[in-house]
Amino acid sequence: MMLAVCSVWLLLVCLVLYSRLKVAAAAPTCTNGQAGCHVLSLANLFDRVIQHSARMHGISNDLHSEFELYFLPSKNQIGRVSRNCHTSTILTPNGKENAQRMAREELTEVILKLLVAWRDPLWHFHQSLAHNHEFSNFSSNKSLEMSDMVHELRKGVQKVIEKMKMLGIMGNSLGGLGTSESLLAPDSAEWRLMKDYDLLYCFRRDSSKIQNYLKILKCRIVPEHGC
Amino acid sequence: MADVFYPSLLLVLMMSSLDWLSTPGSAFLFDQDRTKSAPLEPHFTECVSRDLETFRCWWSPGSFHNLSSPGALRVFYLKKDPPLSEWKECPEYNHLNRECFFDANHTSVWLPYCVQLRSQNNITYFNEEDCFTVENIVRPDPPVSLNWTLLNVSPSGLSYDVMVSWEPPPSADVQAGWMRIEYEVQYRERNATNWEALEMQPHTQQTIYGLQIGKEYEVHIRCRMQAFTKFGEFSDSIFMQVTEIPSKESTVPLTLILVFGTVGILIVIMLIVISQQQRLMMILLPPVPAPKIKGIDSDLLKKGKLEELNFILNGGSIGGLQTFSSDFFQDEPWVEFIEVDEEDADSGEKEDDQASDTQKLLGPPQPISDHRTIRSSETVRHPNDDFSRAGCYDADLPDTKVPMDAPLPGHTGDKESSADFPERAPAFDRGQAPPVQTQTGTPQTWVNTDFYAQVSNVMPSGGVVLSPGQQLRSQESPSDSELEAQTKGKQRDESEDANGQRQKEPQFQLLVVDPEGSGYTTESNRWQISTPSNSANPGAGYQTIPPPPVETKPAASADANQLPYILPDSPQLVAPVADYTVVQELDTHHSLLLDPTPIQSPPPCPSQLPLKPQIPVEYITPDLLGNLLP
């Protein structure tokens, strides 16, 4: 009697495990265009990443305005010709058509390059803010948040890329994604020469770029969800 | 003081006026000065992009009216694309609006632009502040196609919720994701001045809660790019109004129904509680278990069933109580039984089967018990041993007369002045070792009217005098046995009349004392117990309190008749034998006296009792006690 019960129970457990295994095994067989195939769909991933980038841009905007007020620089620093962001070497599309014409792999690569380029400068920016007692804790916290967000966003974008590769949307022409460090220009130390305010200005611009590129990419790849 | 105050005040006024002069509010003065000195240059009023793909710049000639003609001023821009850095002319003019339009081909986002105005004769009016990047000058168009729908009306009928929905501006390419727009909805009452602004949110619909019925509301929306700061223009307003809706009557009865339902439920609960009160009381306050005796049905313990009880207790069948033990209370293991000792019963007192249990307890007059009682008597010593009533004390008291029966209250034959038991005990001891005699063998059938008996006295021989309120059935037996109501601690002399005297009629009627009845009697009644007819012992029986003859106490008899427990069939005067009596006074020897008035035949020995008026009270209060004390 007991033996029968035990055997039945064991059988049930085995069945459950097997079914779960089957389900798990079925996941990779999602082919291109199969929506809702996985737990997190590509559209969902894109939405998250875009939201993240929007938030990052918001923070950079706030910090930049704060710096403008704080330092009271001359009204419009844009006019300063000498300003040159360290990411200016990265070729980025400057308009909608340009971005749309760009291949998705290129666009993704641009995004990644930008994200990688800003990791170190933002970290150092935060350090300089934290040690400088002129700035409030609020600014220091925001800078830390910004630096973290860049890091998180890069990981998120990499996940999106993996997903796209898995779904077959993107080919493997993206070289060196694993070694994103190689994306950095050799003269990456250029950013150390930039002043804090210029750094913020440049980052504000770049975060806007990232946000827009991601949006375009999403509406190009998974257009049916909220584009 | 005053002369210091006024100059300082003047100084303060002057300084404030100077301050006022230097405030920005006086800028127009400054401008005037500037216009006088430097006319307002042609400048750009604004550069705006609506869709992040194109942008426009508007200029104004300022005060240079000669340059206001179209073509007098030219716009040049500089796009800071790193390799190219030269000024170019505006790609598209709109002189009517003094606007320069940059189309998509000439618009590069994220690149700094600088614009400047040049006049015909190459005078450049350039301002450093006219540099920008396109994404920072975006002001989206207002949304279109606003409309609203009524969501619901509150139950009170006073407010309602509305869902407002719209379309994104057509110029903004939201589809391609190029622009992400968030909207701000504002509303106000028709004639109010302040707008209520709701939170920015990126969806194209918004719920407005808590609008009041009957009022007209105005709603408009504006939008901006997400994570940017510049808002676009407000959309056109829409108006919404919801008129009074006739109140639904269904809500009112609903509340009434709820109220009445609750009240009804409460009433039902109350009725249940009241009807089931007994059961509830049983549950909440369980009754104290009644006494249970092993082998005896508790029913027998109830009033009026002493005969069966006696039968059982006295071993109605062989084995007595044991046989019944298994019959009763089988299911009540917790019942503790009162074990009745049957030693005496088995000692051959079969004739005492009918005897009361008290008799059993007290032990029938037996040699065995005699010894016992004697022994016990020996041991009893009273502190008042020295009490001597030698004069009254009769060592030759007819002990034989003294019924050593335990249940019988000892009445000394005569001349017993000592109320102290121990006083008599030595006498008895001295006198004899009389066997505790029963009432000369007269069978005494004690009818136990109640199971419990009160020990009224302890005989010198060791027997216990009980006063269970038993009624002596057998009238022929010399009722030596007397039931004596006894007060607590009262030492009574158990002078007993001679049995022979009992031959007459029972002078002491054993009363069936109503268990519920009060055992108390008045003092006068109480001493009816004594043998009024015992002429030999007019006051005997109770040394200390010679019982008044009945005839001398007409009132007593009357009282006796009034006593509830007087047996109606007692031929003679029934002395109500009460279980309890009242202490009337203390005698000189600090004995408690029940009846202080030795009015009738004086005892042989001078009564040492102080003649005190009979206190017609039942209880002695402390102050009265003081009166009593000698």
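Sequence lines set the chain letters: A, B, ... in the order given, protein chains first and strands last, and positions in each chain run from 1.
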Any side-chain heavy atom of [X] sitting closer than 4.5 Å to one from [Y]?
{"X": "A:K96", "Y": "B:D173", "value": "yes"}
{"X": "B:T107", "Y": "A:N94", "value": "no"}
{"X": "A:K209", "Y": "B:V109", "value": "no"}

Please report the interatomic distance OG(A:S208) to CG(B:L52), rounded to the nearest 0.5 Å.
7.0 Å
Report, by ascending residue number, the residues of residues 226-234 of chain B in heavy-atom contact with chain A at a distance under 4.5 Å; give 'none' if the set is empty.
B:Q226, B:A227, B:F228, B:T229
Would you check, one step at a time, whether the test side-chain contact (heavy atoms from CB on, under 4.5 Å) holds for A:I50 with B:R180?
CA-CA 10 Å; A:I50 288 169; B:R180 268 174 106 90; 3.4 Å; yes
Heavy-atom pair with the smallest gap, counting every atom of A:K215 and B:G177
CB-O, 2.7 Å
Of all heavy-atom pairs linking A:C219 and B:A176, the shortest is CB-O, 3.4 Å
Just checking, any donor-acceptor pair under 3.5 angstrom between side chains of B:W110 and A:T92?
no
Region of A:L217 that comes under 4.5 Å of a non-hydrogen atom in chain B:
neither
Does [X] have more than 12 heavy atoms from other residues, nucleotides or ligands lying within 6.0 Å of its [atom1]?
{"X": "A:N98", "atom1": "CG", "answer": "yes"}
{"X": "A:H151", "atom1": "NE2", "answer": "no"}
{"X": "B:R118", "atom1": "CZ", "answer": "yes"}
{"X": "B:Q120", "atom1": "CD", "answer": "yes"}

Find the one option among A:G58, A:S207, A:G95 whose heavy-atom pairs under 4.5 Å with chain B are most numerous.
A:G95
Under a 4.5 Å heavy-atom cut-off, does chain A meet the side chain of B:M179, its backbone, both or neither?
backbone
Working note: A:R204 + B:N136, criterion side-chain contact (heavy atoms from CB on, under 4.5 Å); need CA distance, chi angles, decisive distance, verdict.
CA-CA 10 Å; A:R204 188 175 78 149; B:N136 287 329; 2.8 Å; yes
